[in-house]
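Here's the structure we're looking at; comments come further down.
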Amino acid sequence: MKNAVRNIILNAFAQACKNGLLKDSQIPEMEIEVPRHKSHGDFSTNVAMVSASIQKMAPRKIAEAIVASIHDPDGIVEKTEIAGPGFINIVLKKSAWYPILSIIHKEDKAFGSSEMGQGRKVQVEFVSANPTGPLHIGHGRGAAVGDAVGNILAFAGFDVSKEYYINDSGRQIRTLGRSVWLRLCEAAGKNISFPDDCYQGDYICDIARELIGSEGNSLLKKATEPDAEKIALPLESVTEENDSSVDEQQKADALASDDPVALCAKYAADKILQGIKDDLSNFGVTFDRWFSEQSLYDSGMVQDSIKEYKNKGVIYEKDGALWFKTQMYGDEKDRVVVRQNGLTTYFASDIAYHMEKFNRGFDRVIDVWGADHHGYINRINASIEASGRSREQFDVILVQLVNLLRAGEQVAMSTRSGEFVTLKDIVDEVGRDAARFIFLSRSYDSGLDFDLEVAKQQTSENPVYYVQYVHARISGMVARACEQGILSDINALDNTSLFEEFLHLLVEPEEINLIKLLSSFSDVVEKGALTLHPHVLFTYLMSLASEFHAYYNKHKVITDNMELSLARLFLVSSVKKVIRNALGLLGVSAPERM
RNA sequence: GCGCCUGUAGCUCAGCUGGAUAGAGCAACGGACUUCUAAUCCGUAGGCCACAGGUUCGAAUCCUGUCAGGCGUACCA
């Protein structure tokens, strides 16, 4: 609808030029917006004001010229007015809105989608938590955001691929192996002192016990050998002993198959990763690809990319280490890619990974990170720019922290001690829908208070029910209409021509407001895709639900008046479809019954 | 010190690619169920949009500075 109005204005502008009412045919960036106040019409444009300097005319004069030249072949404009400093306000006829309802029914699950992305390939990488422990609440927010952003972009016409990057290489995996091995030695009856830098959580002990069970005696036997616990060395020590060099893959030594610590690492990482996959799947999040960091080493991609950047002169040697000239691209200082001891840094594989992403043909790459990683942005930006890609092709979504509360009281969490509330705990306690909806209720630029008690409540304090209730209510109404024979069956609503002749009976302000809101859904999706901010859909859903509840309380849909009932059923059924589509983008279900 | 995010109603936050009279939920107060689901609705009250300058026809929105909070600032991941 907004586009229809835009065309009318653009045509009027051109016509006004042709008639000599305007001097210059140039149209600057202008806006067609839905005004805050209903008294300002259905749409409003600032085109006259922004053209003032080009036309060298007073805004109101320009507005008059445009309004005088408006041609409205479809007869959708009720009236126009010039207001304030030069706004052109446009009021549409009620009849202009009705066709939206048929469009919603015809397009159904595709209503609101667009071709904005023109099929461009976009990758959204999110969660990507290290497989060294279960997902916690922060990962949950990242998962909800990444998944929703991906859904929205896909709906807006991008070719989206969702990806999880598995950090299955390097130091932290070695540490995981050490942690498990030490717990295993402990279980074998040894008295060990568990280092601070190892993973403290109970799940490590569980894995150690499992490992004893599945691997039988061989591991247990090794664990009882004298000094068994002493082989639990950090990655640096292992590689130093083996006189590792830059060209060697750091993982090869650390995960040698005859090393019990390496065996523990492999087992534990697989186990934990499987848990992560299960938790995400329970949370309704699926990925198109799980990408292994180790595979970048195995394929030689890491070394290749280092070589390539060396050739370009952006990687250089200093103090026995290799540095990337990130400072040249706006970072505070240059960053190390390969350390003195020959081990690559995390940055090295990230350079390779991002290079690989673009090599796979993505036009655009979006990373979703926890806000505590923001210091990393400049680095990755530098590597992408140095490879000749445009900065526009890469976005980082920084998701701010989640503050977990229970009935207003902060829940103490410490990853260090291993005492934290996992995503699984939260989903088990409050449910998937409530969790996802709350995660997406606010802009990820802001910190989020997540109160477990509120999320669990089935009251108006909990927004997810407010919206889902609309969907369930309408389902109930449609079912009743079928029982009463007003509709032959649920599918009767798909036959739009049966209803169109009665739509003129929809004259109540609440009805027109609802239709207007429905018609703006595609604008909301577009805004979400443009800004990469899913919470705009949350806000939209809340206003749509609110408008519906108000309507419901004031007017009966099913009445003795058959024709009016049909028209209203067609309206509420449209609301139902849009609610379902919008909730779907956020990964929240739309129940038929509550 | 430097960098990123945030500062809007009592609380939690929308609004920020500049627009006309500042929005919602919760909390508070007063109302509405012989009714298609009261998990709902209607009404009242609540604001120097952190502060100070600037840009312009117009600033919560953009720029600069100040203050406050969170996070970051490794040859860690």
Side-chain angles (χ1 to χ4, degrees), chain A residues 29 31 33 35-37 39-40 44-46 49-50 52-53 58-59 83-87 89 130 132 167 169-173 175 197 236 318-323 330-333 335-347 349-350 370-378 396 398-401 403 408 441-449 451 454 457-470 472-481 484 527 530-531 535-536 538-539 542-543 545-546 548-559 565 568-569 572 593-594:
Chain A
E29 188 120 335
E31 224 173 302
E33 58 159 18
R36 241 202 307 256
H37 299 282
S39 61
H40 295 145
S44 177
T45 177
N46 61 353
M49 280 131 69
V50 294
S53 60
F87 289 103
N89 295 338
N130 292 344
T132 53
N167 295 113
S169 167
R171 186 189 164 83
Q172 78 280 2
I173 291 295
T175 305
D197 67 332
E236 294 87 319
K318 192 185 87 178
D319 305 333
L322 288 182
W323 299 70
D331 201 2
E332 293 167 15
K333 47 178 280 196
R335 306 289 175 173
V336 169
V337 177
V338 180
R339 296 191 268 162
Q340 241 173 14
N341 62 10
L343 292 180
T344 52
T345 61
Y346 191 86
F347 182 35
S349 45
D350 253 353
D372 51 342
H373 289 74
H374 74 256
Y376 222 73
I377 296 179
N378 281 334
V396 177
L398 285 181
V399 182
Q400 296 291 325
L401 300 179
N403 189 24
S441 65
R442 309 295 183 212
S443 164
Y444 48 69
D445 291 331
S446 294
L448 178 74
D449 286 342
D451 194 312
V454 172
Q457 272 173 35
Q458 304 199 348
T459 70
S460 52
E461 256 190 276
N462 196 347
V464 70
Y465 297 107
Y466 186 80
V467 174
Q468 287 184 323
Y469 189 44
V470 172
R473 251 188 172 169
I474 295 171
S475 298
M477 286 161 55
V478 171
R480 172 179 280 250
Q484 297 186 357
K527 186 177 179 183
L530 208 61
T531 61
H535 78 274
V536 297
F538 173 91
T539 310
M542 291 301 282
S543 23
S546 166
F548 174 81
H549 284 311
Y551 175 57
Y552 176 89
N553 273 274
K554 196 161 170 187
H555 303 286
K556 292 212 43 144
V557 169
I558 299 171
T559 65
S565 302
R568 288 184 169 174
L569 280 164
V572 298
R593 197 167 289 120
M594 288 171 75

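Source: prediction; values computed, not measured.
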Do any N or O atoms of the protein come closer than 3.5 Å to N or O atoms of nucleotides 72-75 of chain B, and which pairs are they?
unit_1, atom_1, unit_2, atom_2, d
B:C75, OP2, A:Lys333, NZ, 3.3
B:C75, O2, A:Gln340, N, 2.7

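Proximity of A:Arg36 to the phosphate of B:A20: a side-chain N or O atom is located under 4.0 Å from OP1 or OP2. Of the side-chain N and O atoms in A:Lys554, none sit less than 4.0 angstrom from OP1 or OP2 of B:C36.
In this pair, A:His40 lays its aromatic ring flat on the base of B:A20, centres within 5.5 Å and planes under 30 degrees apart. Lacking a ring centre under 5.5 Å from that of the base six-membered ring together with a plane angle below 30°, A:Tyr466 does not count as stacked on B:A39.
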Exercise for the section: Report, as a single string ordered 5' to 3', how protein heavy atoms within less than 4.0 Å touch nucleotides 6-12 of chain B: B base, S sugar-phosphate only, - not at all. Expected result: S-----B
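Look at the C1' atom in both B:G65 and B:G25: the space between them is 35 Å, to the nearest Å.
Using cut-offs of 30° and 60° for the angle between ring planes, the A:Phe548 and A:Tyr552 rings count as tilted.
Aromatic pair A:Tyr466/A:His549: centroids less than 6.0 angstrom apart.
In terms of modelled atom types and a separation under 3.5 Å, the side chain of A:Gln340 and the main chain of A:Asp319 share a donor-acceptor contact.
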Problem - side chain to side chain contact (heavy atoms under 4.5 Å, CB included) between A:Asn378 and A:Glu332, intermediate numbers included - result: CA-CA 8 Å; A:Asn378 281 334; A:Glu332 293 167 15; 5.8 Å; no
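Here A:Thr559 pairs with A:Ser565 under the side chain to side chain donor-acceptor pair (under 3.5 Å) rule; sequence neighbours left out. A:Asp451 is linked by a salt bridge (Lys or Arg N to Asp or Glu O under 4.0 Å) to nothing, counting only residues two or more places apart in sequence or in another chain. In this structure, the salt bridge (Lys or Arg N to Asp or Glu O under 4.0 Å) partners of A:Arg335, at least two apart in sequence or on a different chain, are A:Asp331.
Note on A:Ala472: a base of the nucleic acid sits closer than 4.0 angstrom, heavy atoms only.
With a 4.5 Å cut-off on side-chain heavy atoms, A:Thr45 and A:Glu33 do not count as touching.
Secondary-structure stems of RNA chain B, taken as three or more successive Watson-Crick or G-U wobble pairs (i with j, i+1 with j-1) under a 3.5 Å distance threshold, comprise B:1-7 with B:67-73, B:10-13 with B:23-26, B:28-32 with B:40-44, B:50-54 with B:62-66.
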